[in-house]
**Q** 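Quick one: the structure is below, and I'll ask about it shortly.
Residue numbers count from 1 along this sequence.
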Amino acid sequence: MNRRTLTRDRNFLVFWGTQTFSVLGDSFSVIAFPLLMLEATGSLVQMGLLTAVMAAGSLLMGLVGGAIVDRFDRRRLLIACDVARLLLFAAVPVCWAIEPQVWLLFAVAAVASVFGQLFQITYITAVPNIVGRDRVAEANSRLQATASLASIGGPALAGLVAAAYGVTAAIAVDAATFGISALGLLAVRLSRVAPTATPADRPGLGRDLRTGFVTGARFLWGHPVLRALTVFLTITTLFTLGMTDVIIYQVRYGLGQGENVVGYVMAAAGVGTCVAAALSAWLRRTLGFGTLWLAAMTLCGVAAAVLALSQDVLVIGTAVLGFWFGLMLAAVSSMSLRQMITPDALLGRVTAAFWTIHHSLAPLGAAALTAAADRFGASGPLLAVAVVYLGVVGVAFFTPIRSRNPEDGPVDHPAT
């Protein structure tokens with residue numbers, strides 16, 4: 001398959017377009033939910049708890065989601081997740097029009113995060129089914145680049161909508177984007193590799209749900225680079241998840257800026273991810289995996305240090321761009337590596353295990369980071385994030401992560 005064929009593949013193009021709308025909805029949520037919580041309570045701690053609840057929901061689904069994705073029709077799962085999130089998010093503006101209920105934000109965040117995590121696991125496994133393993137890196141680059149374009153406009157648009165019509169209006173737009181994504185997915189077709197065992201030989205769903213995480217984790221442990229990536233990303237994610245809340249709080253209250261400025265600053269993250277995604281396939285071919293990943297994580301550390309030390313909105317926006325540029329480069333290269341190495345029949349469980357493990361401490365980290373910023377100011381916690389990232393780079397340099405083409409290395413395959 002050549003580049004011309006991929007760009008003209010109707011199936012891929014429809015999938016590509018629907019995911020842009022889905023990410024647009026996600027980018028609205030990044031701004032709208034914390035702003036609505038802040039508007040209702042005025043508490044950064046409550047914002048951190050909301051983020052922690054969302055992370056906890058994702059973590060719980062990660063334990064069983066891989067087995068679900070590997071067993072059931074992936075397109076139908078994607079559609080079901082979009083419809084569920086449409087209904088959940090639509091409930092917020094309806095309820096707020098009657099009487100604001102803070103508990104509803106926590107409830108919707110918890111349940112929506114479960115469906116969001118299942119969607120993300122399914123999405124990752126669907127890409128090789130659509131484009132083939134030989135074009136995974138290029139497909140991810142295109143998908144993430146246009147998704148990042150949505151992330152550029154999404155936060156800025158969410159801020160403008162919130163300022164003009166209220167935060168609940170932004171959440172209503174968020175719900176609509178999931179509906180558009182679901183309609184588009186009706187036209188997508190996925191190929192699946194046949195299971196290695198006959199239906200009679202396959203274990204029951206109950207056993208899959210109980211053992212799926214272990215199977216995925218065993219596969220990760222069998223590859224030295226995936227093993228190291230999982231460990232290091234678990235450490236960095238602990239200190240990263242709450243950064244968006246801290247930056248929003250810093251710009252809104254620390255610097256006294258309006259909601260529209262919050263949207264513009266966070267839109268810089270979209271610019272960084274867009275440029276990084278567009279360049280990721282080329283950089284991967286040019287630099288190799290190890291150099292690219294180490295350089296990306298170094299950039300994250302430097303950008304976090306700038307965020308900790310600056311009080312200027314323009315500088316903060318630039319640092320946000322740099323941080324998310326590095327984060328996207330590291331994420332796309334890591335995701336593409338897993339997709340290339342993992343057999344299709346295991347990809348859901350491996351993806352779920354990877355995300356579950358490296359997000360396992362994230363809820364605690366989000367709550368701790370925002371609580372520390374609320375009590376001591378944003379500079380100290382952000383500087384700690386910088387130290388962690390640079391420390392990880394220093395250690396990772398002496399591991400197999402620095403390999404140019406780790407997909408060519410040995411791996412122990414567990415039984416499926």
**Q** May I ask you to decide if Gly222's main-chain N or O and Arg227's side chain share a donor-acceptor pair within less than 3.5 Å?
**A** no
**Q** Just so I know, are the side chains of Thr273 and Leu327 near enough to count as touching, which here means a heavy-atom distance under 4.5 Å?
**A** no
**Q** With sequence neighbours excluded, tell me which residues meet side chain to side chain donor-acceptor pair (under 3.5 Å) with Ser334.
**A** Arg338
**Q** Got a sec, which residues hit ring-ring contact (aromatic ring centres under 6.0 Å, His included) with Phe232, two or more places apart in sequence or on another chain?
**A** none
**Q** Do Trp221 and Arg218 have side chains that approach each other closer than 4.5 Å (heavy atoms only, starting at C-beta)?
**A** no
**Q** Working to the nearest 0.5 Å, report the span between CD1 of Ile248 and OG1 of Thr244.
**A** 6.0 Å
**Q** Any chance you could measure Asp174, atom CG, to Leu86, atom CG, to the nearest 0.5 Å?
**A** 9.5 Å
**Q** Would you say the side-chain atoms of Arg74 pair up with the backbone N or O of Arg71, donor to acceptor, closer than 3.5 Å?
**A** no
**Q** To the nearest 0.5 Å, what is the distance between CG on Leu279 and SG on Cys274?
**A** 9.0 Å
**Q** Going through the checks in order, is the side chain to side chain contact (heavy atoms under 4.5 Å, CB included) test met by Thr351 and Thr342?
**A** CA-CA 9 Å; Thr351 299; Thr342 310; over 6 Å; no
**Q** What are the two closest heavy atoms between Val102 and Ala40, and how far apart are they?
**A** CG2-CB, 4.0 Å
**Q** Listed by chain and number, what are the side chain to side chain contact (heavy atoms under 4.5 Å, CB included) partners of Ala373, not counting sequence neighbours?
**A** Leu44, Val246, Pro381
**Q** With a sphere of 6.0 Å drawn around CZ of Arg404, does it hold more than 12 non-hydrogen atoms of other residues, nucleotides or ligands?
**A** yes
**Q** Taking all non-hydrogen atoms of both residues, which atom of Gly65 and which atom of Ala352 are closest, and how far apart?
**A** C-CB, 4.4 Å
**Q** Does Phe219 form a side chain to side chain contact (heavy atoms under 4.5 Å, CB included) with Arg349? I'd like the steps, not just the answer.
**A** CA-CA 9 Å; Phe219 187 92; Arg349 281 165 286 179; over 6 Å; no
**Q** Mind listing the closest non-hydrogen atom pair of Thr125 and Val69 along with its distance?
**A** OG1-CG1, 3.3 Å
**Q** Taking only residues two or more places apart in sequence or in another chain, which ones pass side chain to side chain contact (heavy atoms under 4.5 Å, CB included) with Leu337?
**A** Val225, Leu226, Leu229, Arg284, Phe289, Ile341, Pro406, Glu407
**Q** Side chain to side chain donor-acceptor pair (under 3.5 Å) with Ser181: which residues, sequence neighbours excluded?
**A** Asp82
**Q** Among Val385, Thr318, Ile316, find the residue that satisfies the side-chain contact (heavy atoms from CB on, under 4.5 Å) test when tested with Leu307.
**A** Ile316
**Q** Looking at every non-hydrogen atom in both residues, tell me the closest pair between Leu50 and Ala109 and how far apart they are.
**A** CD1-CB, 3.6 Å
**Q** Indicate the atoms forming the closest heavy-atom contact of Ala187 with Val14, along with that distance.
**A** CB-CG1, 4.1 Å
**Q** Kindly compute the distance separating OG (Ser141) from CE (Met328), expressed to the nearest 0.5 Å.
**A** 10.0 Å
**Q** Applying side chain to side chain donor-acceptor pair (under 3.5 Å), name anything that partners Thr240, two or more places apart in sequence or on another chain.
**A** Tyr389
**Q** For Ser336, give me all partners under side chain to side chain donor-acceptor pair (under 3.5 Å), at least two apart in sequence or on another chain.
**A** Asn140
**Q** So Phe89 and Phe33, would you call those rings parallel, tilted or perpendicular, with 30° and 60° as cut-offs?
**A** perpendicular
**Q** Begin with the C-alpha distance, continue with both residues' side-chain angles, and end with the deciding distance and a verdict on side chain to side chain contact (heavy atoms under 4.5 Å, CB included) for Thr399 and Val231.
**A** CA-CA 12 Å; Thr399 72; Val231 172; over 6 Å; no
**Q** Find the distance between CG (Leu186) and CG (Leu78) and round it off to the nearest 0.5 Å.
**A** 11.0 Å
**Q** How long is the span from the CG atom in Leu382 to the CD1 atom in Ile247, to the nearest 0.5 Å?
**A** 6.5 Å
**Q** Taking Thr291 for the side chain and Gly288 for the main chain, is one N or O donor matched with an acceptor at less than 3.5 Å?
**A** no
**Q** Which residues pass the salt bridge (charged side-chain N to carboxylate O under 4.0 Å, His left out) test with Asp245, not counting sequence neighbours?
**A** none
**Q** Under the rule for side chain to side chain contact (heavy atoms under 4.5 Å, CB included), what residues qualify as partners of Ala172, not counting sequence neighbours?
**A** Pro93
**Q** Which pair of heavy atoms, one from Ser333 and one from Trp293, lies closest together, and at what distance?
**A** OG-CD1, 3.8 Å
**Q** Suppose the criterion is ring pair (Phe, Tyr, Trp, His ring centres under 6.0 Å): which pairs have a residue in residues 98-142, not counting sequence neighbours?
**A** Phe15-Tyr123
**Q** Looking at residues at least two apart in the chain, or sitting in another chain, which of them share a side chain to side chain contact (heavy atoms under 4.5 Å, CB included) with Val114?
**A** Met61
**Q** Would you call Phe12 and Leu143 a side-chain contact if the rule is heavy atoms closer than 4.5 Å?
**A** yes
**Q** Would the distance check show the side chain of Thr286 and the main-chain N or O of Leu283 forming a donor-acceptor pair, the cut-off being under 3.5 Å?
**A** no
**Q** Verify side chain to side chain contact (heavy atoms under 4.5 Å, CB included) between Ile180 and Thr18, making sure each step is shown before the conclusion.
**A** CA-CA 7 Å; Ile180 295 172; Thr18 60; over 6 Å; no
**Q** Check for a donor-acceptor pair, side chain of Arg75 on one end and backbone N or O of Val188 on the other, with a separation under 3.5 Å.
**A** yes
